[in-house]
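Here's the structure we're looking at; comments come further down.
Residue numbering restarts at 1 for every chain, and letters A, B, ... go by the order of the sequence lines. All values reported here derive from a predicted model rather than from experimental measurement.
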Protein chains: 2
Amino acid sequence: MLTPAPTRSRDATATRSAILASAREAFARSGYDGAGVREIAGGAGVTAMMVNRYFGSKEALYAEVLDQIFGGPRILTEALIHAPDAARILAEAVVDMTAAGAPQLDGFVIPLRSASNPRALEIARDRIEANHQADVAGALTGPGARERAGLILAVVAGLQSMRQTVEISSLVDADRDELIRQLAGIFSGLIAG
Amino acid sequence: MLTPAPTRSRDATATRSAILASAREAFARSGYDGAGVREIAGGAGVTAMMVNRYFGSKEALYAEVLDQIFGGPRILTEALIHAPDAARILAEAVVDMTAAGAPQLDGFVIPLRSASNPRALEIARDRIEANHQADVAGALTGPGARERAGLILAVVAGLQSMRQTVEISSLVDADRDELIRQLAGIFSGLIAG
DNA sequence: CCCGTTTGTCTACAATTGTAGAATAAGAAT
DNA sequence: ATTCTTATTCTACAATTGTAGACAAACGGG
């Protein structure tokens with residue numbers, strides 16, 4: 001019972017997490033409606049039926065992907081605790097994570113790309129409210145902290161949308177430092193109140 | 001040949017624009033993938049085939065919807081020309097147009113809700129770049145006007161996403177004046193440079 | 001060595017999708 | 001009134017979707 005995993009080709013937990021990882025990529029790339037179960041399963045090297053075997057349904061898989069993402073490190077709030085110049089640190093983080101390359105901020109990409117599906121939207125809303133929104137609001141002080149937290153999320157989401165999804169040129173090939181400078185100004189105002 | 005339209009039930013141009021209007025609503029509600037041709041046609045009181053007859057394909061219809069929207073009044077730039085306090089006027093306009101009720105800013109809602117489809121995304125990108133982006137950048141002066149214009153679009157898009165699509169509570173039931181105040185601060189910095 | 005459980009695939013189905021072609025009906029022209 | 005044009009619908013098809021059930025194969029314990 002304690003065989004330490006001797007290169008077995010039939011590993012349930014490995015398959016499960018392979019599907020989860022593939023789904024995360026696929027959802028980030030194409031959104032809920034755009035990613036097919038066969039495509040997701042193919043990316044994990046298995047058949048489409050495995051999705052239903054391990055997760056019950058595509059919708060449940062989507063929910064678990066979001067749970068995994070929001071269970072991970074809180075990227076926004078981590079930047080907010082760096083006391084004096086939290087605005088600049090946050091700006092740098094956001095600009096780099098919304099750059100052309102790999103999207104690490106898929107907690108936003110996935111919900112935004114899935115906005116054509118009401119059910120997917122609902123699932124994402126719950127997670128965002130319970131995690132990002134609550135965390136950011138908790139890191140702020142003063143009056144209107146909740147509104148300001150929401151605005152920070154909105155700015156991040158908008159930047160993400162415009163840089164990685166719509167890909168408007170002025171933001172895609174913008175100067176990194178200039179972008180950081182402008183964003184730091186925005187965040188500074190929202191953090192201070 | 002000059003019958004002035006005596007309540008005829010078979011009017012080509014009327015049907016065409018009925019489909020266009022229904023498509024605009026449907027796309028704003030469900031995005032490109034979420035809105036079916038039968039649903040769109042039904043909203044116009046006709047059969048699904050009329051879509052292909054009048055527009056060739058669903059994709060072409062989508063493009064024409066966006067053309068109609070971006071051919072209309074430039075809402076953002078109109079606010080930007082009000083010289084001294086353009087920031088506040090813009091903030092008010094944006095907050096009101098992203099309120100819970102009717103979405104008048106569908107030039108953003110539709111592309112954002114259609115982000116699961118690569119082709120729809122591409123079509124929207126062209127329009128946004130050629131219209132909004134160019135207009136806003138033209139209304140700004142000083143260095144980095146292009147980046148700042150892009151950021152204004154990003155902020156508007158993010159607010160729209162979070163208030164009308166994801167519907168996070170902190171922004172949905174936020175105090176209007178407080179929201180305007182914060183946004184005016186953001187826009188002020190972006191307009192001035 | 002063999003049996004039972006787990007892990008996986010195969011075939012298939014019902015629904016929905018966008019779209020095509022033929023058939024119909026309504027209006028205008030003669 | 002009859003023909004011609006044009007707007008509209010009907011039927012249908014091929015593809016894709018998520019999902020279900022039966023079957024096959026690999027593993028582990030006896």
Query raised in the report: Below 4.0 angstrom, N of the basic side chain to O of the carboxylate: do Arg146(A) and Asp175(B) qualify?
Result: no
Numerically ordered, the residues 116-127 of chain A set in heavy-atom contact under 4.0 Å with DNA chain C is none
Under a 4.0 Å heavy-atom cutoff, the residues of residues 54-63 of chain B touching DNA chain C are Ser57(B), Lys58(B)
Below 3.5 Å, can you tabulate the donor-acceptor pairs from side chains in residues 120-129 of chain A to any protein atom, sequence neighbours excluded?
residue   : atom : partner   : partner atom : Å
Glu122(A) : OE1  : Arg119(A) : NH1          : 3.4
Arg125(A) : NH1  : Val166(B) : O            : 2.6
Arg125(A) : NH1  : Glu167(B) : OE1          : 3.4
Arg127(A) : NE   : Asp67(A)  : OD1          : 2.9
Arg127(A) : NH1  : Ile123(A) : O            : 3.2
Arg127(A) : NH2  : Asp67(A)  : OD1          : 3.3
Arg127(A) : NH2  : Asp67(A)  : OD2          : 3.2
Glu129(A) : OE1  : Ser169(B) : OG           : 2.8
Glu129(A) : OE2  : Ser169(B) : N            : 2.6
Glu129(A) : OE2  : Ser169(B) : OG           : 3.4

In terms of hydrophobic clusters joined by side-chain contacts under 4.5 Å, are Val172(B) and Phe108(B) together? no
Sequence neighbours excluded, the answer for side-chain hydrogen bond (donor to acceptor under 3.5 Å, both in side chains) partners of Arg176(A) is Asp96(A)
By side-chain hydrogen bond (donor to acceptor under 3.5 Å, both in side chains), Tyr62(B) pairs with (sequence neighbours left out) Ser114(B)
Listed range with range, the stems formed with DNA chain C by at least 3 consecutive Watson-Crick or G-U pairs (under 3.5 Å) are C:1-13 with D:18-30, C:18-30 with D:1-13
Item to check | Flag for Thr98(A)-Arg163(A): side-chain donor and acceptor within less than 3.5 Å | outcome: yes
message: Checking side-chain polar atoms at under 3.5 Å, does Asp33(A) have a donor or acceptor matched by the opposite partner on Ser116(B)?
response: no
Check: Would you say dA7(D) has OP1 or OP2 under 4.0 Å from some side-chain N or O of Thr15(B)?
Finding: no
Ranking dA7(D), dT19(D), dG8(C) by distance to the side chain of Asn52(A), first place goes to dT19(D)
Using atom [atom1] of [X] as one end and atom [atom2] of [N] as the other, report the distance to the nearest whole Å.
{"X": "Met50(B)", "N": "dT19(C)", "atom1": "CE", "atom2": "C1'", "answer": "13 Å"}
{"X": "Asp11(B)", "N": "dA28(C)", "atom1": "CG", "atom2": "P", "answer": "10 Å"}
{"X": "Asp33(A)", "N": "dT16(D)", "atom1": "CG", "atom2": "P", "answer": "17 Å"}
{"X": "Glu39(B)", "N": "dG18(C)", "atom1": "CD", "atom2": "P", "answer": "9 Å"}
{"X": "Ile19(B)", "N": "dT19(C)", "atom1": "CD1", "atom2": "C1'", "answer": "14 Å"}

From the list Leu105(B), Leu90(B), Ile75(B), side-chain contact (heavy atoms from CB on, under 4.5 Å) partner of Val156(B) resolves to Leu105(B)
Closest non-hydrogen atoms of Leu112(B) and Ala157(B), given as atom of the first, atom of the second and distance, are CD1-O, 3.7 Å
Please output the side-chain donor-acceptor pairs of residues 34-52 of chain A that fall under 3.5 Å, not counting sequence neighbours, one pair per line with the distance.
residue  : atom : partner  : partner atom : Å
Glu39(A) : OE1  : Gly36(A) : N            : 3.4
Glu39(A) : OE2  : Arg29(A) : NH1          : 2.9

Residues passing the side-chain contact (heavy atoms from CB on, under 4.5 Å) test with Ile89(A), sequence neighbours excluded, are Ala79(A), His82(A), Asp85(A)
Ser17(B) (side chain) donor-acceptor with Leu20(B) (main chain) under 3.5 angstrom
no
- Message: Determine whether a donor-acceptor pair (N or O, by modelled atom type, separation under 3.5 Å) exists between the side chain of Arg88(A) and the backbone of Pro84(A).
- Response: no
**OP:** May I ask you to say what Ala44(B) touches in the nucleic acid, namely base, sugar-phosphate or nothing, with a heavy-atom cut-off under 4.0 Å?
**Re:** nothing
Checklist entry - Looking across every strand, which nucleic acid part, if any, lies under 4.0 Å from Ala14(B) by heavy atom: base, sugar-phosphate, or nothing? => result nothing
Quick one: side chains of residues 147-155 of chain B, donor-acceptor pairs under 3.5 Å with protein atoms, not counting sequence neighbours, listed by atom name and distance.
residue   : atom : partner   : partner atom : Å
Arg148(B) : NE   : Leu190(B) : O            : 2.8
Arg148(B) : NH1  : Thr141(B) : O            : 3.2
Arg148(B) : NH1  : Pro143(B) : O            : 2.7
Arg148(B) : NH2  : Thr141(B) : O            : 2.9
Arg148(B) : NH2  : Ile191(B) : O            : 2.8

Listing, residues 177-189 of chain B side-chain donor-acceptor contacts under 3.5 Å, not counting sequence neighbours, or none:
residue   : atom : partner   : partner atom : Å
Glu178(B) : OE2  : Gln182(B) : NE2          : 3.3

Walking DNA chain C from its 5' end, the first of Val46(A) and Gly36(B) to be reached, judged by nearest nucleotide, is Val46(A)
Rounded to the nearest 0.5 angstrom, the CE-CG distance for Met97(A) and Leu159(A) is 10.0 Å
Give me, pair by pair, the N or O atoms of the protein and of nucleotides 21-25 of chain D that are less than 3.5 Å apart, along with how far apart they are.
none

Could you pull out the protein-nucleic contacts involving nucleotides 22-24 of chain C (nitrogen or oxygen on both sides, under 3.5 Å)?
none

